[in-house]
Chemist: 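Here it is, the structure in full.
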Amino acid sequence: AGGGQRVVQGGCAILAGVSAPARILPERYDPAPVESKWQGVWERERAFHAEPLARDGEPPVLPERPKAYVLEMLPYPSGEIHIGHVKNYTMGDVVAHFRRRSGAAVFHPMGYDAFGLPAENAAISTGEPPAQVIAENIARIREQMRRLGFSVDWETEIATSDPEYYRWTQWIFLRLLERGLAERREAAVNWCPVDQTVLANEQVIDGRCERCGSEVELRQLTQWFFRITEYAQRLLDDMDELIDWPERVLTQQRNWIGRSEGARVIFRVQDGEEEIPVFTTRPDTLFGATFFVMAPEHPLVGRLVEGRPEEAAVRAYMAAAARESAAERGDAERAKTGVFTGRYVVNPVNREPLPLWVADYVLMDYGTGAIMAVPGHDERDLAFARAHGLPVRRVIAAEGTAPDAPLEEAEPGEGRLVNSEFLDGMEVDDAKRAVSAWLEERGLGEATVGYRLRDWLISRQRYWGAPIPVIHCPEHGVVPVPDDQLPVLLPPVDDYAPKGRSPLAARPEFVETTCPVCGGPARRETDTMDTFVDSSWYFLRYTAPHLASAPFGREVVDYWLPVDQYIGGIEHAILHLLYARFVVKVLHDAGLLEANEPFARLFTQGMIYRDGAKMSKSRGNVVAPDEYVERYGADTLRLYVLFMGPAADDAEWSDRGVEGMRRFLDRLWRLVGGLDPGPPVERPSFESLEGDEVALALVRKAEATVAKVTADIAERFSFHTAISAIQELVNLGTKGVSEGTIETDRAREALRYAAQTAASLLFPFAPHVASELWEALGGEGLWREPWPVADPAFLERDTVTVVVQVNGKLRERLEVPAGLPERELAARARDLPRVVQAAGGREIVREVVVPDRLVNLVLG
RNA sequence: GCCGGAGUGGCGGAACUGGUAGACGCGGAGGACUUAAACUCCUCCGCCCGAGAGGGCAUCCGGGUUCGAGUCCCGGCUCCGGCACCA
């Protein structure tokens, strides 16, 4: 379409002669100019900036409007964004736009999880410094996101590797240190031999490094831990009350925390003073204990065997256990090995001496590192007893089983206690309570709870992270860096390749310092923090991105938190999502924050596959977002990633599907482009459309679509059905045009109204093209246009289709006025020829009538 | 083994409170437009029988509840995710 056609609009139709009619849009939909135009408009108008933010020396003004903090998990700037990010950020954008137009103050920030191994490894491979690599990647990612048109508030953008940010990561570390929740101690820890650093338990998957996949070793090292185990119960309890999360994520966290109820029972070493407590979930089987086992790492083992004939064998066993990998150690199928120590412990309930063994099937970091072995009722203990010729005793007998019946396998659970003195005859649960009470009265134990969760190991022997802000003084031990000396800046180094100790240790000018307490010479801690520490509080910092006096402002953070809708990948179910909950609870307990939970609602998206496989560069099946933006436009891509299927499910990529989505936008573009110029129309009243079936059908469909799309976004997170509803509306409009049924003025107005509605509803998904269409239809600023509300008059029908069944089988459909009385409905149904035929003369014994829906005639 | 989720056309999926199974899209078949093609538009497509009218069978399998079940209950199968030598 040429520019000359605009003349027609100016009333010079005569001069323009018989040339093409006025067009409100170019003939063809070309996304590129449309998208850059609207991106420019939104940027100039600061359309998506939200207040309040915390600023130094400026008290915040809190809005009266309801707030909505909409957040997606921030990306790692280790390369470009991939198609999974597009899906993630588009979902967030839909919610943000929807809430904004529904009247909420919407906070929708973005940042970069910029510290950590991915960025550092990228730097190592390119030879550039990590800071430079991530700066380049951030610039590229930011540009990609802009081209996708996300309604992000770029004024609050942060990167966790920025000193302005990690200063406060260090500050938070110090608050944990103050509260006794950060602790340096020796423990058997996971060591990745390729990445040359320790890992948290959460970062070991099936005995392998979460990042590089290599088999993890166990090493005895002194490391920094966050005592997340102190919060195990609260992390569990608050799941039920405070947060609305997908069941599978909650289940994963529950499994990970692994609560089990049981008892602590104290065993005394025979001929010695040592007391060795055990944790058991089956204190009722205490009389069935026939031996006792300690983990090879148990600190008491050395002392117990010292100077004894068994010492050499035990020490050899301990050394062998220390060489095992995490996977070997965890393998339940392996033969049960162990050595006898020559010592005995005394069973507190019956004074029976039990031989004390050391075996690697007992783990040091669960329970107490020692167990009472009950081979009659525990599979592992039975395997060990059989391998080493130890006795097996029955203490639980199922109904009809003799107390001395032999045990073929470890029998758990149901039955009554036998061979157990004062417990005999009790049910298992009663016996548990009875024995716990008995032990407690005598100071020999008590009922207690065990957790599988381990403390969070946060130190890393790698360069690209926030330095742990403490100083080691020969006089004063571990001394925190004073708050006013933060940040402890990450020094530039030449060689940050992993060597098994922090590269910071090779910089004397970094390491050598003075003790803040005594001023004497001291050494800085050289380990850096796990990146999951950085990302455990970033959503707080967004509310105060440049605040210099504090990590966040109390009033502002209390206004925005908790995040109303958080969206991200399921892979963080027990990493980031658990850590962030923990850190927020700690800050809450420290009185720094009102919120007790960071994320009120969570949505976890599915993965996108291609050719039946996970996308990867090596497979060559990666979908590059930029190429699709180039070819089809950002709006098409955004729509397609949400249309693929339920947002929570995995989905298979299809280029044909993308083309189909583009065809839909082309169709809508042509529909709107064929309309006349003019101002937007109001919704016609229901009465005014009486008698005009075409007009009525269009407005009805428009209103039904409003209701459907609103519910799908707000209540169901069902974006693919919302999009298909808009497609139905558009299809009805294009069908009317192609069939030539839009003949009356009322019908033309209704079509225009339907097109406006389609553009309005499409906006959260495809904001550029929707804005352009809206403008073409005479509207302006669709991003601030109130979200439509359906008129209920159009949702009610005056005629309805009633289904007629005979014996539950569909036989006929009946078009009747809505609200027809039951008797009338049944009478009409009975007389239908097909019903009569189906009945075949048999008597109707029952009529089930659901008004406006169905009649079911039951034959005798 | 324990915990959680899921099984619907050729494919992705829809059916939200037990009431028309298959919306929307992909794919396929036929047609219109075109010199031709692309684009676009129209019609049809769960399976089986039937020329048709119509009928039968269909939501993983087997039972059950109900006038009526993809949806609820019981039993089983398969797949996916988490935990697992955790005492």
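Note on naming: letters A, B, ... go to the chains in the order of the sequence lines (proteins, then strands), and numbering restarts at 1 for each one. Predicted model only: the values in this text are computed from it and were never measured.
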Chemist: State whether A/Arg454 places a side-chain N or O below 4.0 Å from either non-bridging phosphate oxygen (OP1 or OP2) of B/C83.
Modeler: no
Chemist: With rounding to whole Å, what would you report as the distance between B/A38 and B/G30 at their P atoms?
Modeler: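 The same atom, P, in both gives a distance of 13 Å.
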Chemist: Describe the nucleic acid contact of A/Ser260 in one word from base, sugar-phosphate, nothing, applying a heavy-atom distance below 4.0 Å.
Modeler: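 Touches sugar-phosphate only.
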Chemist: Return yes if some donor-acceptor pair links the side-chain N/O of A/Arg264 with the main-chain N/O of A/Gly445 below 3.5 Å, else return no.
Modeler: no
Chemist: Select base, sugar-phosphate, or nothing to describe what A/Gly367 touches, counting heavy atoms under 4.0 Å on all strands.
Modeler: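 Nothing, no heavy atom under 4.0 Å.
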Chemist: Base, sugar-phosphate alone, or nothing: which one does A/Asp666 contact when heavy atoms must sit under 4.0 Å apart?
Modeler: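 Nothing, no nucleic acid heavy atom in range.
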Chemist: Any Lys/Arg nitrogen of A/Arg254 or A/Glu247 sitting under 4.0 Å from an Asp/Glu carboxylate oxygen of the other?
Modeler: yes
Chemist: What string of B, S and - do you get for nucleotides 10-16 of chain B, 5' to 3', when a contact is any protein heavy atom under 4.0 Å?
Modeler: --SSSSB
Chemist: Which letter, B, S or -, goes with each nucleotide of nucleotides 46-51 of chain B from 5' to 3', with contact meaning a protein heavy atom under 4.0 Å?
Modeler: ------
Chemist: Categorize A/Asp360 for me: base, sugar-phosphate, or nothing, with a 4.0 angstrom heavy-atom threshold over every strand shown.
Modeler: base
Chemist: Taking pairing as Watson-Crick or G-U wobble with both contacts under 3.5 Å, can you name the mate of B/C26, or confirm there isn't one?
Modeler: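 Answer to the pairing question: B/G10, which forms a Watson-Crick or G-U pair with B/C26.
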Chemist: Using only modelled atom types and a 3.5 angstrom limit, is any donor from either the side chain of A/Asn255 or the base of B/C83 paired with an acceptor on the other?
Modeler: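 Under the 3.5 Å cut-off, the side chain and the base do not form any donor-acceptor pair.
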Chemist: Run through A/Val672, A/Leu668, A/Asp635 and flag the one making a side-chain contact (heavy atoms from CB on, under 4.5 Å) with A/Tyr29.
Modeler: A/Asp635
Chemist: A/Arg329 side chain to A/Asp360 main-chain N or O, any donor-acceptor pair under 3.5 Å?
Modeler: yes
Chemist: Is A/Arg452 near enough to B/A84 that one of its side-chain N or O atoms lies under 4.0 angstrom from OP1 or OP2?
Modeler: yes
Chemist: Tell me the partner of B/A58, counting only Watson-Crick (N1-N3 plus N6-O4 or O6-N4) or G-U wobble (N1-O2 and O6-N3) with both under 3.5 Å; none if nothing fits.
Modeler: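 Across all strands, not a single nucleotide pairs with B/A58.
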Chemist: Is A/Arg581 positioned over the aromatic face of A/Trp245, cation under 6.0 angstrom from the ring centre and no more than 45 degrees off axis?
Modeler: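 Positive - A/Arg581 is close enough to the ring of A/Trp245 and near enough to its axis.
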